[in-house]
Amino acid sequence: MIPYRAAIIITIAVLAAAAILIFWKAGEYTRGRFVRLCAGNLLIHLADGFITYVNTPGLEREGNPLVRVLGLGWGALFLANLLVFVFLVLCAWSFCRYEHVHLEASGMFDYYMKLMHGEGYKPIWFWYKTPGNYRAMFAFGGYGLYWGLTAAAPIPVVGWIHHMLERASSPLVFSRFYWWNSRWLSFGLAMTVCLLCMYKWTREGYRS
């Protein structure tokens, strides 16, 4: 069994490497941006799997519904994480391969509708009509979803680290933050970051 101290150091090192890959010139269309974003996200998933195995190799304390509710094992957990990772790769691909279009617009809503539906749109289309510009639609959604899910992914990892520190009575523990709270923090952070990124994407488009 890997000692707790070594496991924590390894996990933090992997998360730091992931942060460097993801946030190095994150807002620029640099060469290899897509690969860096995917590699960084993969490291977060690996850190999550590693520290989960250290804390609960039999998955007795795993909070994933596939394990906690359905009683499935590591195979199902691995498949679920793989599908999430593939989804994030597609999200990154959608906005990394798309050139952010800048349009003259009177505001964010006007910009969004012109981009998705073209000139002469009707405002009510926002509620029921499918955008005609599919590339822009997938880039817009992919941008928000990638950053929202990526921001939320380290939360369970941090929760496990805190749990390990708490068991070791470490002075670094400031409050009782149990690992099963992580899913609510992850959900809230994912939604918040996703919406903020969509806001940023739209505002930058019509202001430029």
Side-chain angles (χ1 to χ4, degrees), residues 10-53 64 66 75-103 105 108 111-118 130-158 182-183 185-208:
I10 293 172
T11 303
I12 292 176
V14 173
L15 289 181
I20 292 172
L21 287 171
I22 292 172
F23 293 109
W24 183 70
K25 296 184 178 180
E28 300 179 21
Y29 288 89
T30 55
R31 184 178 181 181
R33 181 190 187 203
F34 169 72
V35 175
R36 286 190 295 99
L37 293 179
C38 294
N41 208 280
L42 177 61
L43 287 179
I44 297 175
H45 281 76
L46 292 175
D48 188 16
F50 169 73
I51 202 165
T52 298
Y53 178 77
N64 191 301
L66 293 175
L77 193 61
F78 174 80
L79 180 60
N81 278 277
L82 177 62
L83 292 176
V84 171
F85 175 68
V86 170
F87 176 73
L88 287 169
V89 168
L90 294 176
C91 288
W93 178 265
S94 68
F95 69 83
C96 284
R97 303 289 293 182
Y98 178 78
E99 184 177 352
H100 197 174
V101 178
H102 304 291
L103 300 172
M108 293 173 59
Y111 167 79
Y112 174 84
M113 295 300 289
K114 283 182 178 179
L115 180 63
M116 300 297 177
H117 299 281
T130 303
N133 189 345
Y134 288 103
R135 287 195 64 199
M137 179 183 68
F138 287 124
F140 174 70
Y143 185 76
L145 288 170
Y146 174 87
W147 289 110
L149 293 174
T150 299
I155 296 297
V157 182
V158 175
S182 298
R183 63 180 179 271
L185 290 172
S186 296
F187 178 77
L189 184 61
M191 290 294 296
T192 302
V193 173
C194 179
L195 293 175
L196 286 175
C197 285
M198 288 180 171
Y199 172 86
K200 175 179 177 292
W201 197 89
T202 309
R203 189 165 182 81
E204 287 179 351
Y206 92 88
R207 289 188 66 186
S208 299

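Just the heavy atoms: all of them, side chains too, but no hydrogens, waters or symmetry mates, feed the values below.
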Of all residues at least two apart in sequence or in a different chain, which pass the side-chain hydrogen bond (donor to acceptor under 3.5 Å, both in side chains) check with H117? none
Minimal non-hydrogen separation, C194 against L145, with atom names: SG-N, 3.9 Å
Partners meeting side chain to side chain contact (heavy atoms under 4.5 Å, CB included) with V35 (sequence neighbours left out): none
Residues at least two apart in sequence or cross-chain that pass side chain to side chain contact (heavy atoms under 4.5 Å, CB included) with L46, listed by chain then number, are L42, L43
Any donor-acceptor pair under 3.5 Å from R135 side chain to R97 backbone: yes
Separation of E204 CD from M108 CE (nearest 0.5 Å): 10.5 Å
If you define the side chain from C-beta out and look only at heavy atoms, does anything of F85 sit under 4.5 Å from I44? no
Answer whether the closest heavy-atom distance between the side chains of L37 and N41 falls below 4.5 Å. no
Residues which pass ring-ring contact (aromatic ring centres under 6.0 Å, His included) with F140, listed by chain and number, not counting sequence neighbours: Y112, W201
Could you work out, with side chain to side chain contact (heavy atoms under 4.5 Å, CB included) as the rule, every residue matching L195, not counting sequence neighbours? none
Measuring only between side-chain heavy atoms, which start at C-beta, is Y206 closer than 4.5 Å to K114? no
Any residue meeting side chain to side chain contact (heavy atoms under 4.5 Å, CB included) with L79, in chain and number order, not counting sequence neighbours: L83
Check whether any side-chain heavy atom of F138 lies under 4.5 Å from a side-chain heavy atom of L90, and answer yes or no. no
